[in-house]
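Worksheet: the structure to be examined is printed underneath.
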Amino acid sequence: MSIRKIPMKKRAYLSEDNSLSTLDLEDRPEDSQVLKNLARIRETLLADRGNHDQAAKAFVSFVRAYSKHEASYIFRIKDLDLVGVAKSFGLLRLPRMPELKDINRQGWDDAEVDWDTYAYADAAQEAKRQAACAADKSQREEDKESRRAARAEMKKANSAWSDQTRRKEEKDLRKEKRTRKKKWLKAQTQAVGMPASPTETSLKRGRDNDGCLGSDDDDDGDDWDELAREERMAKKVRKGDVKQKTFDAEFGIDFL
């Protein structure tokens, strides 16, 4: 107002005894009749849900009209006591609106209302509300079940993917071990001209370690089975029952 050069004079407000108060507006206590009148208005609103709907709409309309007033330099929404305005409308709870997002709600308490049973006085309107509530509840249950099924499906897919990855890793590890073993067999054969089967040496070494086959790696049973099969085939080669070419073709050994 001072910017507009509008002359104004601050005056004291009247107390309950009609005397002029000396307190500033910021220090002014709430009138003792506010809570009594609020309780009376809320009692009227609780008799019919339709009354509360109208009060809430009126409050929203008032606040938005105030915030968009052309004389915004006078009607400043930031300076308006929105909690006090809500009490004057007897609202049971504050509506959701941008103007109320960051306000100080000190002094405001929602009324204790069971909103599921808070009914309209008009029978047709109440029947419509109950039907909408039932449909909304059913939709929420369906959405909840859908989310639960989606989580279960995702968990199942992740589990299957994990098992598949683990099996692939184990397969790749066995393949790598077989490749190293064949290279070693080839090197041994080239060095000594096919002595007592290197697989036999490997098997004996495995037995000597702790008295049982494959004790160093219990998960590599398939590899030891392969070694045992090569050992049996090598013995047949030494006896002349199987040709060397057959042995080489069977286990992928190529001589240079």
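The structure displayed is predicted, hence computed values, not measured ones. Here, residue 1 is the first one in the sequence, and each next residue gets the next number.
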Identified side-chain contact (heavy atoms from CB on, under 4.5 Å) counterpart of K171 within the set K168, K175, R174
R174
Electrostatic pair E170:R166 at N-O distance under 4.0 angstrom
yes
CD of Q54 to CG of D48: how many Å apart, nearest 0.5 Å?
8.0 Å
Are any side-chain N or O atoms of R49 and backbone N or O atoms of A121, one a donor and one an acceptor, separated by less than 3.5 Å?
no
With hydrophobic residues grouped by side-chain heavy-atom distances under 4.5 Å, do Y120 and V113 end up in a single group?
no
Can R129 and E126 be said to form a salt bridge (Lys or Arg N to Asp or Glu O under 4.0 Å), step by step?
CA-CA 5 Å; R129 183 191 73 83; E126 175 60 16; 2.8 Å; yes
Which atom pair, heavy atoms only, marks the closest approach of E99 to L82?
O-CD1, 3.5 Å
Rounded to the nearest 0.5 Å, what separation is found between the CG atom of D116 and the CD atom of Q130?
10.5 Å
In Å and rounded to the nearest 0.5 Å, what is the CZ to CG distance from R148 to D143?
11.5 Å
Whether S138 side chain and A135 backbone form a donor-acceptor pair below 3.5 Å:
no
Mark yes when over 12 heavy atoms from residues, nucleotides or ligands other than R180 sit less than 6.0 Å from its CZ; otherwise mark no.
yes
Working to the nearest 0.5 Å, report the span between OG of S146 and CZ of R151.
10.5 Å
What orientation do F89 and F59 show, parallel under 30°, tilted 30 to 60°, or perpendicular over 60°?
perpendicular
Closer than 3.5 angstrom, by distance alone: can the side chain of S61 be matched with the main-chain N or O of A58 as a donor-acceptor pair?
no
Measure the shortest side-chain to side-chain distance between I103 and W108 over non-hydrogen atoms and say whether it is less than 4.5 angstrom.
no
Measure across L45 and G90 and return the closest heavy-atom pair with its distance rounded to 0.1 Å.
CD2-O, 3.1 Å
Nearest 0.5 Å, what's the NZ-CG distance between K87 and L35?
5.5 Å
Does the side-chain contact (heavy atoms from CB on, under 4.5 Å) test come out yes or no for L173 and K177, once each step is laid out?
CA-CA 6 Å; L173 181 60; K177 288 183 177 180; 4.0 Å; yes
When you group the ILVMFWY residues by side-chain heavy-atom contacts below 4.5 Å and let the links chain together, are Y66 and L91 in the same group?
yes
Of all heavy-atom pairs between D110 and R93, which one has the smallest distance, and what is that distance?
OD1-CA, 3.4 Å
Tell me whether V63 is reachable from L94 by hopping between hydrophobic residues (I, L, V, M, F, W, Y) whose side-chain heavy atoms are closer than 4.5 Å.
yes
Same hydrophobic cluster for V85 and M97, using side-chain heavy-atom links shorter than 4.5 Å among ILVMFWY?
yes
Parallel, tilted or perpendicular for W115 and Y118, by the 30°/60° rule?
perpendicular
Straight-line distance of C133 SG to K128 NZ, nearest 0.5 Å:
12.5 Å
Closest non-hydrogen atom pair between S88 and I41, with its separation:
O-CD1, 3.7 Å
Please verify the inter-ring angle class for H69 with F75; under 30° counts as parallel, over 60° as perpendicular, anything in between as tilted.
tilted
If every non-hydrogen atom of P95 is compared with every non-hydrogen atom of V60, which pair is closest and at what distance?
CG-CG2, 4.1 Å
